Amino acid sequence: MPSHSPSSGPEGPLLVYGPRSLEYDFGSMHPLSPRRFGPGIELLRAVGAEPGLAPEPASDEELARLHSPEYIATVRRISAEASAATGASGRRAARLASAPEAGIGPGDDPAFPGMHEAAATVAGGSIRAVEMILRGDVEHAFHPGGGLHHAMAARASGFCIYNDVALAIARARRDGLRVLYLDFDVHHGDGVQALHYTDPGVMTISFHESGRSLFPGSGFVDEMGEGTAAGTSVNVPLEPLAGPDAWLAAVVAVVPPLAAAFGPDIVVSQHGSDGHFWDPLAHLSLTTTVQGEAARIVDLITHLYSRGRWLATGGGGYAVYRVVPRVWALTWLAGAHRETPAALPEVWRAKWAGDAERWHEAPLPETFDDAAGLPPADSISAMASERAKETVDLVRTALVPALLRVAGDRGWWRFDDPAAATTTGAAPAAEAPPATGAREAAPTLIALLDPAQLDRFRLAPRVMAPFDPAAAKEILRNALLDGAVATAAVAGDWLVGVTLAAPSPIEGVDRLVALGVASEWRRRGVAASMLHALIGETDRRNRALVAFHTVAERDPVDPLPRALRRGVAEKLALGAAMTSRPAPDRVVAVDRYAFVAVHLPPAATPALHDRIGEWLAGL
């Protein structure tokens, strides 16, 4: 990964940990054990981290931003009942005697004394960390005890009582910030998704083992968000034994373009280490190497799009000695912008070797990154890896804007090139064309935009992906130099509308990859005029034009409801003499509003019609 100048401070990310972090304890035999804090915090200290924020309980008012008051009262009552249990075996008796209620009871979420206060403390740590980031006190924060991503509004689930990460997101939303949530835990981040499923200001992206083989049984590609938030819930389910290469390839293929399109103000992430080959609860066969690389990708994204504002959390992880401490350290090192040390400290290994052996995790590894040969070849399935590619392709087709997919494929844009975000001649994302004066007249139409003309104008925000208009203008310039065709609408020195067609893999066929108008100029016939002009140009060149509309094509700030988006797009296409066609079955299976529109030039042959059909069937 390239280096970058922003720093999280001389000490690195704020480390959220204190005495009360140990109180979240379901018992000595429960998989989520506070034992992880001993080796985990010591290894963090060994790489330079020191606790800087000791969590304290969130208030009931803060918890009630997402959890129902009735649920909070239930947790308080059950917690008090467990605390009142007496006798040497009182704690165990309290856990076993309680009938399941609101998800609390024997099994994943047994009651324990002080449960409410302990769970509220985890939530308080993440909320306070976000508040410090919002004030500018710190740039990055890492809460290893956070990441309890399964808790629902009125139900405990999957070792999670209160959903600290969802509450941290809600705290940022209260200040009007748009939040990107990234979940790398092996289990689907179902609670965070559910609690923000209708909010277009929160994008959740979860990489996890498929719900067909693992708890919580959800997180399929068709779970995309509802209403105006359709397209902001992104799931990448992978089959068991997918392996580290397929997993990291999925992260690289999905996260950067979606982050660029969404343009978050802050990033919240969950770095569960339970996808690792040595973890006892799942089967993805990952390595610490790729988990650390994912953290570095997140760090880079925060500096490209969010001014470095990033809260990372630890999440799940049940290989307490061999895996959890290393993933925590690698996540912190990513935010500190430091290289990974060559070897684990010998003092640390010597101290924890005995405990590791006692808990059947010996021998301890020697390095932060996993050694070559892990996981062994027979622990990776070629079929699962291939299906991972198919899933990623489907996710990108349905949920990544077409322009960013094509731009990446044709080399118009690289997410890890900060130069694209500093291009001159584009408006900052917060700037917009004047709302008076020239706005009252129709914009000027440029029937065929060329690079020289492009340099004379500023690109208005939210005309085309990505969110940053400087990067969007750079993509547009590179597209024009690569043979793409664009029409534009101009008001003064602003480009307030752009329609862009790029060469497709099929000879004689262009693909519509962008059609957008600045918010001030919508509902004035600008999009229709540009599309008519573009089709006139493709006709002149005797080329067909294909448009493929999915949930990905939306205004990231003020999106329309999904059905209305489809209606607007279809009306534009049919009004421009395009013919509507069914979208490929695999896309319709996850996005029922997806559709294809095609315009054939007057001299089109039946063979061209057939080639288009074959191409669309393979999308």
Side-chain angles (χ1 to χ4, degrees), residues 397-398 400-407 409-410 412 445-450 454 463-465 472 475-476 478-489 495 497-517 525-554 565-584 587-588 591 593-619:
T397 298
V400 175
L403 176 56
L404 295 186
R405 298 199 309 275
V406 173
D409 293 343
R410 297 188 70 89
W412 301 342
L445 187 67
I446 299 178
L448 186 60
L449 183 68
D450 63 46
L454 177 64
V463 169
M464 55 188 283
I475 290 174
L476 181 56
N478 291 335
L480 295 176
L481 293 173
D482 189 37
V485 178
T487 59
L495 283 173
V498 172
T499 306
L500 180 66
S504 79
I506 307 302
E507 183 180 352
V509 179
D510 286 336
R511 178 169 181 177
L512 183 66
V513 294
L515 172 56
V517 178
V526 176
S529 297
M530 291 191 302
L531 184 56
H532 277 283
L534 183 70
I535 286 178
E537 181 60 26
T538 58
D539 278 351
R540 188 183 70 80
R541 300 180 180 207
N542 195 35
R543 296 180 66 84
L545 182 66
V546 176
F548 189 2
H549 174 80
T550 71
V551 71
E553 312 302 335
R554 68 185 186 282
R565 283 182 233 165
R566 154 78 185 243
V568 170
E570 195 164 33
K571 181 179 179 180
L572 280 171
L574 297 179
M578 301 184 80
T579 302
S580 181
R581 292 191 182 188
V587 177
V588 174
D591 179 8
Y593 291 108
F595 78 97
V596 174
V598 177
H599 177 81
L600 297 174
T605 64
L608 176 61
H609 186 278
D610 292 341
R611 290 201 304 272
I612 292 174
E614 293 172 0
W615 173 51
L616 291 175
L619 288 177

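In this text the structure is predicted, and so the values were computed from the model without any measurement. Just so you know, residue 1 is the first one in the sequence shown, and it goes up from there.
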| said: Between Thr499 (side chain only) and Ala486 (backbone N and O only), is there a donor and an acceptor less than 3.5 Å apart? | reply: no
| remark: One should read off an interatomic distance between Leu495 CG and Ile446 CD1, to the nearest 0.5 angstrom, of 6.5 Å
| said: If you compare all heavy atoms of Val551 against all heavy atoms of Arg565, which two are closest, and at what distance to 0.1 Å? | reply: O-NH1, 3.2 Å
| request: Kindly state each residue pair satisfying ring-ring contact (aromatic ring centres under 6.0 Å, His included) with at least one member in residues 596-619, sequence neighbours excluded. | output: none
| field | Close side-chain approach of Met578 to Val598, heavy-atom, < 4.5 Å | value | no
| message | When you compare the side chain of Leu403 with that of Ile475, does any pair of heavy atoms fall below 4.5 Å? | response | yes
| Is there side-chain contact between Ile506 and Val546, with heavy atoms separated by less than 4.5 Å? | no
| request: Mind checking side chain to side chain donor-acceptor pair (under 3.5 Å) for Ser580 and listing every partner two or more places apart, or none if nothing turns up? | output: Glu570
| message | Show me the pairs that pass salt bridge (Lys or Arg N to Asp or Glu O under 4.0 Å) and involve residues 500-512, at least two apart or across chains. | response | Asp510-Arg543
| message | Within the 4.5 Å heavy-atom criterion, are Leu481 and Trp412 side-chain neighbours or not? | response | no
| task | Using a 4.5 Å cut-off on heavy atoms from C-beta on, say whether the side chain of Leu512 contacts that of Leu534. | result | yes
| field | His532: partners by side chain to side chain donor-acceptor pair (under 3.5 Å), with sequence neighbours left out | value | none
| request: Side-chain contact test, heavy atoms from C-beta onward, threshold under 4.5 Å: evaluate it for Ile612 versus Leu616 and give yes or no. | output: yes
| request: Answer yes or no: is there a donor N or O on one side and an acceptor on the other, between the side chain of Glu537 and the main chain of Val485, under 3.5 Å? | output: no
| said: List the residues meeting side-chain contact (heavy atoms from CB on, under 4.5 Å) with Ala489, not counting sequence neighbours, and say none if there are none. | reply: Pro443, Val496, Val526, Met530
| In chain order, what residues pass the side-chain contact (heavy atoms from CB on, under 4.5 Å) check against Ala569, with sequence neighbours excluded? | His549, Phe595
